[in-house]
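Each chain gets a letter, A, B and so on, in the order the sequences are listed, and its residues count up from 1. No experiment lies behind these values; they were computed from the predicted model shown.
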2 protein chains.
Amino acid sequence: MSHQPNIRDVAKVAGVSTATVSRTLKRPEKVREETRLKVMKAVEETGFVPNDLARMFRTRESRTVILLVRDISNPFYLDIYKGVEEEAFAAGYKVLMGDARDDDERITHYVDAVREGHADGLILMVGHFPKEMLVCPEKLPPMVVALEQIEHLELPTVRVDNVAAAREAVSYLIDQGHRRIVHLTGPLDEYLGQARLEGYRQALTQAKLPVDEALILPGDFSLNCGYQQMMKLQESGASFSAVFASSDQMAIGAAGALREKGLNIPSDVSLVGFDDTLIASVFYPPLTTVFQPRREIGRAAMALMVETLQSAGDGSDLPSDRLFPTQITVRSSVVSSNGGTRMSLGVN
Amino acid sequence: MSHQPNIRDVAKVAGVSTATVSRTLKRPEKVREETRLKVMKAVEETGFVPNDLARMFRTRESRTVILLVRDISNPFYLDIYKGVEEEAFAAGYKVLMGDARDDDERITHYVDAVREGHADGLILMVGHFPKEMLVCPEKLPPMVVALEQIEHLELPTVRVDNVAAAREAVSYLIDQGHRRIVHLTGPLDEYLGQARLEGYRQALTQAKLPVDEALILPGDFSLNCGYQQMMKLQESGASFSAVFASSDQMAIGAAGALREKGLNIPSDVSLVGFDDTLIASVFYPPLTTVFQPRREIGRAAMALMVETLQSAGDGSDLPSDRLFPTQITVRSSVVSSNGGTRMSLGVN
DNA sequence: TTGAAAGCGCTAACAC
DNA sequence: GTGTTAGCGCTTTCAA
């Protein structure tokens, strides 16, 4: 064997047919013990590694799924990935991670990757989907959604109750005496941004507090945007005593802007983030934030994917959604307010 | 076409041979304009997507490389990934990211992935390599190394001068008047840990300061380890005025331990990290750290990979190493020391 | 329980 | 410039 040995080399050495080698490797219970040992020995001897590409080509399944996320540089997704990978490994799948960068072209690219045979399915963690692809949904590859919700696309989904999560976070601030609470939102043309904003509104309404639209700052989850929006707000002269950001990254960006204007956290402004990423715990002061069980969410998403892939084979129904709880992680970035100096515009 | 159309369907619709379809798609300049248009139209009409698996299988190249990193949850690697991906995209390659978790088995797994045809090569960002695989180096797949150095493995490498980088960081602390400087090292059985420790020693020696082995704390780059080691050191009653950590994560862990003991950063203890990840800039106080041009390093590593893959084809020489500069990013976690209270053991 | 043989979809000689 | 053809390495009927 001068080169990578193939199944024929093994068959020759073992003195059996290629079919027998293939069977020995895939369904050992189907061959006689004696034959199996012969084949195993030949595999050992030749250093045979089955060409997975040939197998994938032949069976038309890659046993690979793609985890397509909003922004790969957000560490939030790393724990998701680990969960997905764990579950995938257990089910004999591989996982690739793709970076959508909120860009239709890249999303299309990953859908094509499935069509081209690179993967069997897509786990979506993006907030939208190219319109053109929605026109013939039957042409779409097997997909599941995690934590997001995509318009005009009904798919098995791993959910958390974003409305409730945001409502609780804001209620917590209200309980601490805050009345004028800024909300740095997620993208408002997508579910995640809308749902959390809805939670924010509900908390205020429930507490019979007015909603001041000037305190709602449209964002995109990024650190930089948190900084910019908070700068702008401060320059507008608005008064507030707390900020609820729809991501830890935005919270931290906002903190930078507040400090730059000489404000202290939490004594001048309280701050709540969302996601409970590592950054929240090492930030100073440690950031109060909303925790989502990322690892478990990842595992559940992959489990849903496996079910979907199976139900595509037999004609069974699509798997049903899974819901995970969120919870507030209380740290030190919130202090109680008694309606002091920074509340000049006051309460209704 | 009831199913995914294949190249034969297109050929039939266009009234040409499959070879012509293949050529039109791969080397359009080789077919007549008129034919090309016919084929393009047929492709459009049928909705043909070439089966990449079949192509990979046939040509025995996947045009994919795997970026294998020490720990995928370290955001440091995300910028590396982006650099690799940019360069890869330009060269028509795809990139997969793998998580070695410092584990021989997982590394072997990724080497096998190449053998199985999933990828053409491996970009290694790990500090060691399974011993068994080193015995027949000619069986190893095309590989390049970035930022690391693996014993008994000579490969094209993207380097930074870790000794100099660490020396400069420590010299900076010395210049600020610090005399008793703790070093939280990387893994000491690997190049990265050793080189930076060597830089630490050189800086002290150069300044004619003694090296106190008690201030050298073996680490593994992780946040948690930084915390634990610093806790232990403080309980031992050692005195020091500054800490140089071999990663931002350890620096931040150490900061947690220092604060827990009532020490302030930087007024009580100055702190220098390594890597200049996002976390360094959002940490409070903003962390002085050593910057490495991650994006460029990623690009260079992929460029090296492409060269390696080509030289494997023709018999040309392996590409030569590339060296990148590092530099200190000065923020606010270091203040000058005049040899005050926390320096009881004094200077030589 | 095993073997023979057909082919998955594509590419690349080679012939025309 | 284009068509014919022979596989790449594997799995999977089907027949023995």
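What separates NZ of A:Lys12 from C1' of C:dG3 is a distance of 16 Å, to the nearest Å. Regarding A:Met56, its CE atom lies at a distance of 12 Å from the P atom of D:dT11, rounded to whole Å. Atom C1' of nucleotide D:dC10 and atom CZ of A:Arg60 are separated by 13 Å, given to the nearest angstrom. In this structure, CD of B:Glu29 is placed 13 Å from P of D:dT2, rounded to the nearest angstrom. Put simply, CZ on B:Phe48 is 8 Å from C1' on C:dG9, counting in whole angstrom units. Distance CD1 (A:Ile7) to P (C:dA4): 14 Å, rounded to an integer number of Å. At whole-Å resolution of the value, CZ in B:Arg8 and P in D:dG3 are 15 Å apart. In this structure, A:Arg32 places its CZ atom 13 Å from C1' of C:dG3, rounding to the nearest Å.
Between C:dA5, C:dC10, D:dT4, one nucleotide has an atom nearer to the side chain of B:Pro50 than all others, and that is C:dC10. Among the nucleotides D:dT11, D:dT5, C:dG3, the one closest to any side-chain atom of B:Thr18 is D:dT5. Nearest nucleotide to the side chain of B:Ala54, out of C:dA12, C:dT1, C:dC10: C:dC10. For B:Thr35, the side-chain atoms get nearest to D:dT2 when compared with the rest of D:dT2, C:dG3, D:dG3.
Taking both residues in full, the closest heavy atoms of B:Pro5 and B:Asp9 are given as CA-OD2, 3.2 Å, listed atom of the first, atom of the second, then distance.
Dashed line: the shortest gap from a side-chain N or O of B:Ser22 to OP1 or OP2 of C:dT11 is under 4.0 Å. Of the side-chain N and O atoms in B:Asn6, one or more sit less than 4.0 angstrom from OP1 or OP2 of C:dG9. Between A:Thr20 and C:dT2, a side-chain N or O to OP1/OP2 separation shorter than 4.0 Å is absent.
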With side-chain contact (heavy atoms from CB on, under 4.5 Å) as the criterion, how do B:Asn51 and B:Asn6 come out once you've worked through the C-alpha distance, each side chain's angles and the decisive distance to 0.1 Å? CA-CA 8 Å; B:Asn51 183 328; B:Asn6 65 21; over 6 Å; no
Is there a salt bridge (Lys or Arg N to Asp or Glu O under 4.0 Å) between A:Asp103 and A:Arg101 once you walk through the steps? CA-CA 5 Å; A:Asp103 165 3; A:Arg101 297 196 197 172; over 6 Å; no
Intermediate values then yes/no, side-chain contact (heavy atoms from CB on, under 4.5 Å), A:Val21 and A:Val16: CA-CA 7 Å; A:Val21 177; A:Val16 298; 3.9 Å; yes
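Comparing the local axis fitted to the first five base pairs of the helix from C:dT1-D:dA16 to C:dC16-D:dG1 with the one fitted to its last five gives a bend of 30°, rounded to 10°.
Partner of B:Leu96 under the side chain to side chain contact (heavy atoms under 4.5 Å, CB included) criterion, chosen from B:Val65, B:Ile66, B:Leu67: B:Ile66.
Under the 3.5 Å distance criterion, with hydrogens and angles disregarded, a donor-acceptor pair is assigned to the side chains of B:Asp104 and B:His128.
Distance alone, capped at 3.5 Å, places no donor-acceptor pair between the A:Ser22 side chain and the A:Thr18 backbone.
With hydrogens and angles ignored, a donor-acceptor pair closer than 3.5 Å exists between the side chain of A:Arg23 and the base of C:dG3.
Residue pairs meeting the salt bridge (Lys or Arg N to Asp or Glu O under 4.0 Å) criterion with at least one member in residues 128-156 of chain A, sequence neighbours excluded: A:Arg70-A:Glu148.
Among the protein residues, A:Arg27 comes within range of the sugar-phosphate backbone only, with heavy atoms under 4.0 Å from sugar or phosphate atoms but none that close to a base.
By the criterion of a centre-to-centre distance under 5.5 Å and near-parallel planes under 30°, the ring of A:Phe57 forms no stack with the base of D:dC10.
Between B:Val31 and B:Arg58, the residue anchored nearer the 5' end of DNA chain D, judged by the nucleotide with its closest heavy atom, is B:Val31.
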